[in-house]
Structures are given as structure tokens and as C-alpha cells.
Chemist: 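Quick one: this structure, given as C-alpha cells, is what I'll be asking you about.
What's counted below: heavy atoms across the whole structure, side chains too, no hydrogens, waters or symmetry copies. Chain naming here is simple, since letters A, B, ... match the order of the sequence lines and numbering starts at 1 in each.
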Protein chains: 2
Amino acid sequence: MAKDVKEILKNNSLSITGSREKILGLFLEQPGALAHGDIEKRAGEKFDRVTVYRTLQTFVEKGIIHTIPTADNSIRYALCKDDCKEGHHHDHHVHFVCTQCNITYCLDDVVTPELKLPKGYISTHIEVVAEGICKNCK
Amino acid sequence: MAKDVKEILKNNSLSITGSREKILGLFLEQPGALAHGDIEKRAGEKFDRVTVYRTLQTFVEKGIIHTIPTADNSIRYALCKDDCKEGHHHDHHVHFVCTQCNITYCLDDVVTPELKLPKGYISTHIEVVAEGICKNCK
DNA sequence: TAGTAAAAAGCAACATAGTTGCAAAATCTT
DNA sequence: AAGATTTTGCAACTATGTTGCTTTTTACTA
Ligand SMILES: [Mn+2]
Ligand SMILES: [Mn+2]
Ligand SMILES: [Zn+2]
Ligand SMILES: [Zn+2]
């Protein structure tokens with residue numbers, strides 16, 4: 001897994017540093033999304049808060065992770081699929097927040113539905129976040 | 001102002017106070033949603049920050065306004081329709097954020113679509129936020 | 001309409017979240 | 001290994017949100 005981390009960083013022309021390895025590793029070793037707080041708790045003992053902010057920002061810009069808006073106003077981050085490139089994301093899938101275990105899932109196979117918007121509205125991007133009970137908690 | 005501020009407050013058994021009149025008035029006198037910052041800027045000169053927080057919280061609890069999650073992690077608030085009651089919201093509509101004028105619209109006529117979730121996932125609530133250009137900006 | 005109980009507002013202090021500039025340290029390139 | 005470049009850590013700062021307590025305002029009733 002540590003090898004994968006370095007490869008992903010290289011593929012995105014990012015220099016290999018401790019914080020990037022650690023934080024990217026956190027995403028790879030578990031399925032759900034992570035809130036900034038989670039990351040800070042699990043990586044922030046080794047790294048400065050500012051470094052965590054800047055690392056996440058870099059990963060988002062490079063298309064390595066994407067953000068997920070949630071109702072409680074705490075941004076979550078999750079790994080992108082390979083087709084996301086620098087400055088251009090393609091994460092057109094639905095997200096699911098379990099109200100029991102509080103895990104946020106990327107439902108990669110559930111495509112964002114089409115919407116019939118009123119006349120004059122042109123949408124470039126649609127975010128869908130479902131809330132409920134996940135397969136492990138029911 | 002279509003509806004009377006005082007009447008809405010009375011109907012929700014809320015006492016009539018300066019901050020509640022002012023803040024509810026802000027929502028009634030314009031079509032879009034308001035971020036906390038907007039409200040503080042436009043009402044906060046007369047009232048304490050804490051009062052603004054508590055007033056918004058009260059309005060949400062009473063079903064007078066609802067929150068809208070957005071990608072930039074700043075909660076917006078918008079008026080509910082009449083069928084929202086204390087402790088029980090029914091705002092199952094799509095929201096639209098214009099990337100040009102930055103207004104957030106409640107598209108009351110666009111109902112949240114059904115989703116085919118993977119086996120085992122049971123959703124209780126779905127949020128849909130579309131981003132793009134609104135009818136006034138195109 | 002004045003008196004009173006209850007509710008809300010204001011204030012201060014605090015906690016958490018996020019940003020910026022800059023010097024020191026680490027990484028990459030040759 | 002040396003130098004150029006990038007990244008980090010630190011400090012200081014702004015913004016956002018919360019809590020306990022006192023004063024003020026509101027709603028109600030005598
Ligand atoms: Mn996702
Ligand atoms: Mn709405
Ligand atoms: Zn769960
Ligand atoms: Zn617009």
C-alpha cells in the first residue's frame with residue numbers, strides 16, 4: 001500500500017513528503033470519506049494543522065480526492081476514481097451518509113439523476129447526498 | 001411583503017421581538033436563500049451575533065426556514081412552505097446555486113428524484129443541489 | 001394599565017475552524 | 001553533493017460558533 005501511495009503522488013507530479021504519504025495512506029486504507037477533523041486527529045499529531053489544510057487542498061486540485069457537501073456543514077473528502085485529472089473532476093455519483101455509524105460512502109455505481117429544471121436554469125453540476133442507514137448498520 | 005412578519009411569528013407561538021421581525025423580514029423581502037454571513041451583515045449592526053444565531057436556530061426548529069447544504073461549506077437558509085411544522089420539515093425540493101450571481105434558489109416545483117440505491121442502503125432523506133447559471137444571469 | 005413571570009437579548013469569555021506571511025527544512029534536479 | 005525549488009512549521013490573525021450569566025423586553029393578568 002505504501003508503494004501505491006508513492007505512485008499516485010508521482011503520477012500527479014507531486015513531491016513525496018511525509019504528510020502527503022500519511023494523509024493519502026489514510027484514504028487508501030479505509031472505504032469511507034474523511035472529514036477534515038478525522039484527518040487532523042489521525043495525522044495531525046505528526047503534522048501541523050496548516051500542513052493538513054494545504055495537503056488536502058493540493059489533493060483536491062490534482063483530482064486525487066473530491067469534496068462531499070453534507071447537511072451538517074462539515075466537508076468530507078474521498079478518493080477520486082482514476083479519470084479525475086488536475087482541475088477537472090468527474091465524480092458524478094451519489095453520496096450516502098449513514099446516520100448510525102456516520103460513515104460517508106461514495107456510491108460509485110449510482111449515477112446522479114437527470115433533472116428537469118425550470119426554463120432558463122442551466123446546471124453544470126449536480127450534487128446528491130442521501131441520508132439513511134447503510135448496509136452494515138441495518 | 002406578501003405575508004405579515006408578526007402573523008408568522010404569532011402562528012408559530014413566538015414572541016414578537018426586534019431581531020425576529022428584522023431577520024424574518026429579510027427572508028420575506030427577497031427571493032433567494034441567505035447565508036448566515038449575509039444576515040449578520042444586514043441585521044447584525046442592530047443585534048448581537050449570538051442573537052442572530054439563536055434566532056435562526058429557533059426559526060429552523062419551528063419550521064419557518066430550512067437549511068441548504070452547499071459545496072462551499074456555508075449553510076444557506078430559506079423560507080419553508082406552509083406545510084413545515086415544528087420539528088418536522090417537508091422541504092423535498094431541489095436547490096440551485098447560481099455560480100454567477102451567487103443566489104441560491106429553492107426550486108419548489110422540482111421534486112427530489114427517486115434513487116435506486118445498492119442493496120442494503122435505506123435512505124430517509126435526499127438533498128439535491130444543482131449548480132449553474134440562473135434564469136437572470138444567462 | 002401597571003405588576004409580574006417568563007422569554008429573549010446582550011455581554012463576556014471561550015472554543016473551534018480556517019488563512020496568511022515568512023523563515024527553516026526537505027525534496028528534486030543536475 | 002550543491003543549488004534551486006517546493007514544502008513545512010510557526011506565529012499571528014480572522015472568522016465562526018458556543019455557553020453561562022445578567023439585564024432587558026415581552027406577554028399575560030389582575
Ligand atoms: Mn464520492
Ligand atoms: Mn428550499
Ligand atoms: Zn452505517
Ligand atoms: Zn444568477
Side-chain angles (χ1 to χ4, degrees), chain A residues 2-3 5-26 33-62 64-65 67-77 86-87 102, chain B residues 4-26 33-62 64-65 67-77 86-87 102 104:
Chain A
K3 191 189 174 191
V5 167
K6 286 200 173 91
E7 211 170 302
I8 293 173
L9 293 175
K10 275 182 193 166
N11 289 343
N12 287 279
S13 27
L14 289 174
S15 51
I16 293 169
T17 69
S19 71
R20 286 173 183 170
E21 284 187 281
K22 174 68 182 174
I23 292 174
L24 186 46
L26 288 179
L34 295 170
H36 180 99
D38 303 327
I39 297 160
E40 205 171 300
K41 249 183 290 176
R42 292 160 70 176
E45 289 166 22
K46 281 197 69 181
F47 305 103
D48 192 83
R49 261 162 32 80
V50 179
T51 301
V52 176
Y53 279 109
R54 292 199 268 226
T55 302
L56 289 172
Q57 187 183 307
T58 301
F59 286 175
V60 171
E61 283 165 2
K62 286 288 184 178
I64 298 172
I65 60 177
T67 59
I68 305 167
T70 55
D72 70 341
N73 211 21
S74 75
I75 291 182
R76 316 271 172 117
Y77 299 86
E86 173 154 11
N102 206 34
Chain B
D4 189 40
V5 167
K6 288 200 173 96
E7 209 171 306
I8 295 174
L9 292 175
K10 275 182 194 167
N11 289 344
N12 287 278
S13 25
L14 290 174
S15 51
I16 293 169
T17 70
S19 72
R20 285 173 182 169
E21 284 187 283
K22 175 69 183 172
I23 292 173
L24 187 46
L26 288 179
L34 295 170
H36 180 99
D38 303 327
I39 297 160
E40 205 172 302
K41 251 183 290 177
R42 292 160 71 176
E45 288 165 22
K46 283 196 69 182
F47 305 103
D48 192 82
R49 263 161 32 80
V50 179
T51 301
V52 176
Y53 279 108
R54 292 199 266 227
T55 302
L56 289 172
Q57 188 184 307
T58 301
F59 286 175
V60 171
E61 284 166 3
K62 287 289 184 178
I64 298 172
I65 60 177
T67 59
I68 305 166
T70 56
D72 69 341
N73 210 22
S74 75
I75 292 182
R76 317 270 172 117
Y77 299 86
E86 172 153 13
N102 205 34
T104 300

Chemist: Given atom CD1 of A:Ile39 and atom C1' of C:dA17, what is their separation to the nearest angstrom?
Modeler: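 In whole Å, C:dA17 C1' and A:Ile39 CD1 are 14 Å from each other.
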Chemist: Given atom NZ of B:Lys62 and atom P of C:dA8, what is their separation to the nearest angstrom?
Modeler: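 Those two atoms, NZ and P, are 9 Å apart.
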Chemist: Kindly compute the distance separating CD (A:Glu40) from CG (A:Leu34), expressed to the nearest 0.5 Å.
Modeler: 13.0 Å
Chemist: Within the 4.0 Å limit for protein heavy atoms, which parts of nucleotides 2-16 of chain D are touched? Write it as a string from 5' to 3', B for base, S for sugar-phosphate only, - for none.
Modeler: -----SBBBB----S
Chemist: Would you call A:Leu14 and A:Ile64 a side-chain contact if the rule is heavy atoms closer than 4.5 Å?
Modeler: yes
Chemist: In whole angstrom, what separates A:Leu56's CG from C:dT19's C1'?
Modeler: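 Whole-Å distance recorded here is 15 Å.
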Chemist: Between C:dA9 atom P and B:Ile16 atom CD1, what is the distance in whole Å?
Modeler: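 Checked: the CD1 to P distance equals 12 Å.
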Chemist: Quick one, B:His36 and B:Ile75 - any side-chain contact, counting heavy atoms below 4.5 Å?
Modeler: no
Chemist: Measuring only between side-chain heavy atoms, which start at C-beta, is A:Thr55 closer than 4.5 Å to A:Phe47?
Modeler: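 Counting from C-beta outward, A:Thr55 and A:Phe47 never come under 4.5 Å.
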Chemist: Apply salt bridge (charged side-chain N to carboxylate O under 4.0 Å, His left out) to A:Glu61 and list each qualifying residue two or more places apart in sequence or on a separate chain.
Modeler: none
Chemist: If you round to the nearest 0.5 Å, how far is CZ of B:Arg20 from NZ of B:Lys6?
Modeler: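 Answer for the NZ-CZ pair, B:Lys6 versus B:Arg20, is 14.0 Å.
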